[in-house]
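For reference, the structure discussed in these notes is given below.
Each chain gets a letter, A, B and so on, in the order the sequences are listed, and its residues count up from 1.
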2 protein chains.
Amino acid sequence: MSDDAPLSTSFGDWQTAGFDAGACPVRNVLDRIGDKWTTLTLAALAARPRRFSELHRIMPDISKRMLTQTLRDLERDGLATRHVFPTKPPSVEYRLSPLGRSVLHPLAGLIGWAEQNFAAITEARRRYDTMRTGPPAEEEAT
Amino acid sequence: MSDDAPLSTSFGDWQTAGFDAGACPVRNVLDRIGDKWTTLTLAALAARPRRFSELHRIMPDISKRMLTQTLRDLERDGLATRHVFPTKPPSVEYRLSPLGRSVLHPLAGLIGWAEQNFAAITEARRRYDTMRTGPPAEEEAT
DNA sequence: CTTTAGGGTCTCAAATTAAGACTAGGTCTT
DNA sequence: AAGACCTAGTCTTAATTTGAGACCCTAAAG
């Protein structure tokens with residue numbers, strides 16, 4: 001299930017079925033996965049369960065508000081579970097559910113792609129930006 | 001490279017390297033891929049090249065502004081190319097570059113996961129929401 | 001008594017996205 | 001010939017999201 005044909009096919013089916021959010025599992029699910037912080041949070045939970053503050057330390061540039069919300073969404077979707085320990089300053093641990101762990105694999109594929117093609121993308125960006133601001137003397141001679 | 005061990009490893013490395021956007025290929029790339037419309041657009045271009053309006057018809061709920069921007073970003077990143085045909089009302093065709101096609105495969109993995117687990121996620125959401133609003137007669141009898 | 005820690009919530013401001021009017025040039029209709 | 005319409009965008013103006021950081025409560029530490 002990794003050739004090119006089945007690939008086109010699945011994209012084809014998807015489109016045929018309609019892209020309507022709500023009606024569409026893919027959009028529905030990808031909207032969450034593709035969320036700015038969700039992937040990062042999943043990755044942070046991949047190795048082991050983590051507490052709220054710990055997650056915040058790992059991802060310093062997420063606001064508590066968004067971290068809370070991301071975690072809630074993960075919990076709501078059944079990808080993570082929340083465990084409260086009634087210690088003195090109560091601590092809360094988040095851990096991936098089996099469902100949550102199952103998304104790690106496809107996600108890793110994407111991450112691998114990102115790592116492998118980062119250079120190409122960076123170069124493409126550089127070229128594009130250069131072309132937009134750089135070629136003051138390079139139009140085709142009309 | 002699809003077991004669980006290497007998987008955890010890659011996530012581990014990623015985190016060790018730091019999650020800083022900019023410094024981090026993964027965040028850098030995933031921020032774009034994970035963008036609300038990028039995945040959809042890639043999928044729309046997977047089968048064949050498409051014109052602007054055609055894309056807009058396929059994804060009716062994207063604004064022209066965002067479609068334009070998504071397409072520009074794709075072009076900038078070298079994932080798609082833009083071809084202008086000087087027909088009467090000029091038409092513009094977008095097509096995936098080889099790099100763009102290469103992302104389809106990992107993306108398909110995620111899409112497959114979404115399709116397979118949509119039911120489980122929906123059910124988890126239902127449970128979660130029920131638990132939050134539903135148990136009006138279920139507190140412990142004080 | 002003040003500070004620190006943990007896990008959040010809340011408010012306000014900044015940034016992003018959606019909706020849709022408007023453009024330019026040419027064709028089609030009447 | 002006047003007016004309507006097409007494509008591919010751009011621009012302006014809302015509405016929605018996100019970010020930054022103050023603030024809450026409890027209990028131990030200093």
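The distance from atom CD of B:E93 to atom P of D:dG9 is 12 Å, rounded to the nearest whole Å. The distance from atom NZ of A:K88 to atom P of C:dG7 is 13 Å, rounded to the nearest whole Å. Spacing between atom CZ of B:R51 and atom P of D:dG9 amounts to 11 Å, rounded to whole angstrom units. Rounded to an integer number of Å, the gap from B:D61 CG to D:dT16 P is 16 Å. If you take CG of A:D35 and P of C:dT17, they are 12 Å apart, rounded to a whole angstrom. One can place CZ of A:F52 at 8 Å from P of C:dG7, the figure rounded to the nearest angstrom. For the pair A:L67 CG and C:dG8 C1', the computed distance is 10 Å after rounding to whole Å. Whole-Å rounding puts the B:W37 CH2 to C:dT16 P distance at 17 Å.
In this structure, A:R72 reaches the C:dT9 phosphate: one of its side-chain N or O atoms is under 4.0 Å from OP1 or OP2.
At a threshold of 4.0 angstrom between heavy atoms, the contacts of A:Y94 are confined to the sugar-phosphate backbone, with no base atom among them. Among the protein residues, A:T68 comes within range of the nucleic acid bases, having at least one heavy atom under 4.0 Å from a base atom. If you check every strand for non-hydrogen atoms under 4.0 Å, A:R65 touches a base.
Checking D:dA28, C:dT17, C:dA21 against every side-chain atom of B:K64, the shortest atom distance belongs to C:dA21. Comparing D:dA8, C:dG25, C:dG6 against the side chain of A:S91 picks out C:dG6 as the nearest. The side chain of B:K36 sits closest to C:dA18 out of C:dA18, C:dT9, C:dA5. The listed nucleotides are C:dG8, D:dA8, C:dG6; the one nearest the side chain of B:R82 is D:dA8. Taking every side-chain heavy atom of A:S53 into account, C:dG6 is the closest of C:dA18, D:dT7, C:dG6.
Annotation: the span from B:T41 atom OG1 to B:L55 atom CG amounts to 6.5 Å, rounded to 0.5 Å. Going from atom CD1 of B:I62 over to atom CG of B:L67 covers 4.5 Å, rounded to the nearest 0.5 Å.
Residues B:F85 and B:F52 do not share a hydrophobic cluster, defined by chaining ILVMFWY side chains whose heavy atoms lie under 4.5 Å apart.
When the nearest nucleotides of DNA chain D are assigned to A:M66 and A:P90 by heavy-atom distance, the more 5′-ward of the two goes with A:M66.
In this structure a side-chain-to-backbone donor-acceptor pair under 3.5 Å is missing from B:R76 to A:Y128.
Here the side chains of B:D73 and B:E75 are not in contact, with every heavy-atom distance at 4.5 Å or above.
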